[in-house]
Structures are given as structure tokens and as C-alpha cells.
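This report concerns only the one structure given below.
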Amino acid sequence: MDERPRTSSRQPDKQAQLLLDNQLCFALHSTSLAMQKVYRKLLGGLGLTYPQYLVMLVLWERDGLILSEIGKRLFLDSATLTPLLKRLQAAGLIRRTRDERDERQVVIDLTAEGRALKRRAAEVPAQLLCATACTPETLLQLKRELERLRGHLAEYE
């Protein structure tokens with residue numbers, strides 16, 4: 001009689017679990033890199049990097065936010081966000097000022113040029129959709145699943 005321990009058919013092979021191509025984190029990472037490469041091409045004409053584009057998206061939704069609100073929305077700390085904002089200010093797209101009521105807070109406002117850039121950026125989502133070769137419904141479902149995963153991972157912290 002065979003006395004080797006049996007593994008359940010539900011239990012994944014431990015060696016296979018350590019293969020790079022079987023890693024969820026690698027699939028997410030490599031997809032993120034590919035996505036950023038596409039955005040680099042799409043945003044080049046706007047003079048924005050992908051992280052700068054994310055900041056502009058937040059400000060196009062709601063102007064006049066404080067730095068910490070932008071950071072919370074983008075899951076970025078102020079040490080990462082501040083250099084991005086400095087470059088956007090140098091490009092003439094935003095203004096950073098101290099809040100009159102609380103000088104510890106930095107308020108971020110769009111300039112006229114920053115607001116005008118929104119019209120030029122309006123084609124980016126459609127171009128990205130085209131690059132994915134997916135239907136809008138498929139992408140919406142994927143986005144929802146990723147948001148659910150992000151929520152579970154945030155709870156794990």
C-alpha cells in the first residue's frame with residue numbers, strides 16, 4: 001500500500017505556486033507596466049506623465065483640493081505626491097497655495113491652462129479602450145473585480 005501523503009485535488013501543487021507565470025502579483029504588475037506604456041504614448045502630446053495624468057483627473061473632477069485629499073484619492077503619500085505637484089505647477093497647470101484658514105494645508109487649484117487641458121485629454125479614454133481590444137462591458141467588469149480585490153487587500157493590512 002502506498003503510504004505517501006495524499007494531496008487533495010483542491011490543494012495546488014506547492015512547486016507550481018512558485019512559478020512566476022502563476023503569480024497574480026506578476027500578472028497585475030506586468031499589466032500595469034503595459035498600461036503605463038500605452039498611457040505614455042497617449043499622454044505624450046499632452047505633456048503629462050501617467051502619474052501627473054492621474055492627479056489632473058482628480059482635479060478635473062473637483063478643483064481646489066488639499067494635498068492630502070488628492071493623496072487619499074490616488075493612494076499616494078505626500079512624499080510621492082509633492083514632486084508630481086511641483087512639476088505640474090512648473091508646467092503652469094496647477095497652483096499650490098497655503099489655506100488661509102489652516103496654513104498647514106496646501107490647496108491645489110487648476111490654472112486656466114490646466115482646465116483647458118481637460119478638453120485635449122477627452123480622447124484619451126476612447127484611445128485606451130481601443131488599445132485594450134476589449135468591450136466597455138468587459139473592462140467595467142474587470143475594473144469592478146480589481147476594486148474588490150484592492151478592498152480585500154486593504155483590509156488585510
Side-chain angles (χ1 to χ4, degrees), residues 17 19-157:
Q17 286 180 349
L19 296 174
L20 180 64
D21 289 337
N22 291 343
Q23 303 301 307
L24 173 63
C25 61
F26 183 67
L28 289 169
H29 172 72
S30 58
T31 302
S32 178
L33 292 174
M35 181 74 77
Q36 288 182 48
K37 188 175 182 181
V38 170
Y39 269 110
R40 192 175 308 117
K41 181 178 178 182
L42 297 177
L43 298 173
L46 300 176
L48 294 174
T49 64
Y50 175 68
Q52 290 169 341
Y53 175 67
L54 296 179
V55 170
M56 295 302 289
L57 287 172
V58 170
L59 291 171
W60 289 331
E61 283 181 20
R62 185 169 157 231
D63 197 4
L65 294 174
I66 60 173
L67 184 132
S68 62
E69 291 171 321
I70 297 170
K72 183 176 181 179
R73 189 77 201 283
L74 296 176
F75 302 92
L76 295 174
D77 60 30
S78 63
T80 302
L81 196 51
T82 298
L84 284 171
L85 295 172
K86 284 182 178 180
R87 287 191 293 277
L88 288 170
Q89 184 172 19
L93 300 174
I94 65 163
R95 215 176 5 262
R96 296 179 308 141
T97 55
R98 294 277 171 195
D99 187 326
E100 294 174 3
R101 295 175 304 262
D102 183 353
E103 290 195 10
R104 296 172 297 173
Q105 302 294 332
V106 176
V107 179
I108 314 301
D109 292 296
L110 290 166
T111 63
E113 189 177 342
R115 283 189 292 281
L117 188 61
K118 182 179 182 179
R119 286 187 296 281
R120 292 180 46 214
E123 294 301 314
V124 171
Q127 292 170 330
L128 180 70
L129 175 63
C130 202
T132 66
C134 294
T135 66
E137 296 77 19
T138 299
L139 290 180
L140 183 59
Q141 181 181 353
L142 178 59
K143 178 184 165 294
R144 287 179 180 147
E145 289 299 320
L146 288 171
E147 288 168 343
R148 186 176 0 259
L149 176 61
R150 181 182 64 212
H152 292 307
L153 293 172
E155 290 173 7
Y156 185 77
E157 293 175 353

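Source: prediction; values computed, not measured. Computation of the quantities below employed the complete heavy-atom set of this structure, encompassing side-chain atoms and omitting hydrogens, waters and symmetry-equivalent molecules. Residue numbers start at 1 and run along the sequence shown.
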### Task
Using side chain to side chain donor-acceptor pair (under 3.5 Å) as the criterion, list what pairs up with Arg120, not counting sequence neighbours.
none
### Query
Asp102: what forms a side chain to side chain donor-acceptor pair (under 3.5 Å) with it, not counting sequence neighbours?
Arg104
### Message
More than 12 heavy atoms of other residues, nucleotides or ligands under 6.0 Å from CD of Gln127: yes or no?
### Response
yes
### Query
Would Arg40 and Lys37 satisfy side-chain contact (heavy atoms from CB on, under 4.5 Å), going step by step from the backbone distance to the final call?
CA-CA 5 Å; Arg40 192 175 308 117; Lys37 188 175 182 181; 4.0 Å; yes
### Query
Going from CG on Leu76 to OG1 on Thr82, what distance comes out if it is rounded to the nearest 0.5 angstrom?
10.5 Å
Donor-acceptor pairs under 3.5 Å, side chain of residues 55-62 to any protein atom, not counting sequence neighbours: which ones?
from  : atom 1 : to     : atom 2 : distance (Å)
Trp60 : NE1    : Gly114 : O      : 2.9
Glu61 : OE1    : Arg73  : NH1    : 2.6
Glu61 : OE1    : Arg73  : NH2    : 3.3

### Query
By ring-ring contact (aromatic ring centres under 6.0 Å, His included), which residues pair with Tyr53, not counting sequence neighbours?
Tyr39
#### Entry: For the student: nearest non-hydrogen atoms of Pro125 and Ala122, plus distance
CD-O, 3.5 Å
### Message
Applying side chain to side chain contact (heavy atoms under 4.5 Å, CB included), can you list everything that pairs with Arg148, at least two apart in sequence or on another chain?
### Response
Glu145, His152
### Task
Begin with the C-alpha distance, continue with both residues' side-chain angles, and end with the deciding distance and a verdict on side-chain contact (heavy atoms from CB on, under 4.5 Å) for Val106 and Arg98.
CA-CA 5 Å; Val106 176; Arg98 294 277 171 195; 3.4 Å; yes
### Task
Return the minimal non-hydrogen interatomic distance between Pro83 and Ser78, and the atom names on each side.
CD-O, 4.4 Å
Please tabulate, for side-chain N and O atoms in residues 63-72, each donor-acceptor pair with protein atoms closer than 3.5 Å (sequence neighbours left out).
from  : atom 1 : to     : atom 2 : distance (Å)
Asp63 : OD1    : Leu110 : N      : 2.7
Asp63 : OD2    : Leu110 : N      : 3.4
Glu69 : OE1    : Ile66  : N      : 2.8

### Task
Using side chain to side chain donor-acceptor pair (under 3.5 Å) as the criterion, list what pairs up with Gln89, not counting sequence neighbours.
Arg96
Name the atoms and distances for all side-chain donor-acceptor pairs under 3.5 Å in residues 130-139, with sequence neighbours left out.
from   : atom 1 : to     : atom 2 : distance (Å)
Thr132 : OG1    : Leu129 : O      : 2.7
Thr132 : OG1    : Cys134 : N      : 3.2
Thr135 : OG1    : Thr138 : N      : 3.0
Thr135 : OG1    : Thr138 : OG1    : 2.8

#### Entry: Minimum-distance pair of heavy atoms, taken over all atoms of Leu48 and Leu117
CD1-CD2, 3.7 Å
Table please: side-chain donor-acceptor pairs of residues 19-32 below 3.5 Å, with sequence neighbours left out.
from  : atom 1 : to    : atom 2 : distance (Å)
Asn22 : ND2    : Ala16 : O      : 2.7
Gln23 : NE2    : Gln17 : O      : 2.3
Gln23 : NE2    : Leu19 : O      : 3.1
Ser30 : OG     : Phe26 : O      : 2.8
Ser30 : OG     : Ala27 : O      : 3.4
Thr31 : OG1    : Ala27 : O      : 2.6
Ser32 : OG     : Gln36 : NE2    : 3.2

#### Entry: Qualifying residues under side chain to side chain donor-acceptor pair (under 3.5 Å), relative to Glu147, sequence neighbours excluded
Lys143
#### Entry: Inter-residue atom distance Leu81.CG - Ile108.CD1, 0.5 Å rounding
7.5 Å
### Task
Check salt bridge (Lys or Arg N to Asp or Glu O under 4.0 Å) between Asp99 and all other residues, then give those that pass, not counting sequence neighbours.
Arg101
### Task
Taking all heavy atoms of Gly92 and all of Thr111, pick out the closest pair and write down the distance.
O-OG1, 2.5 Å
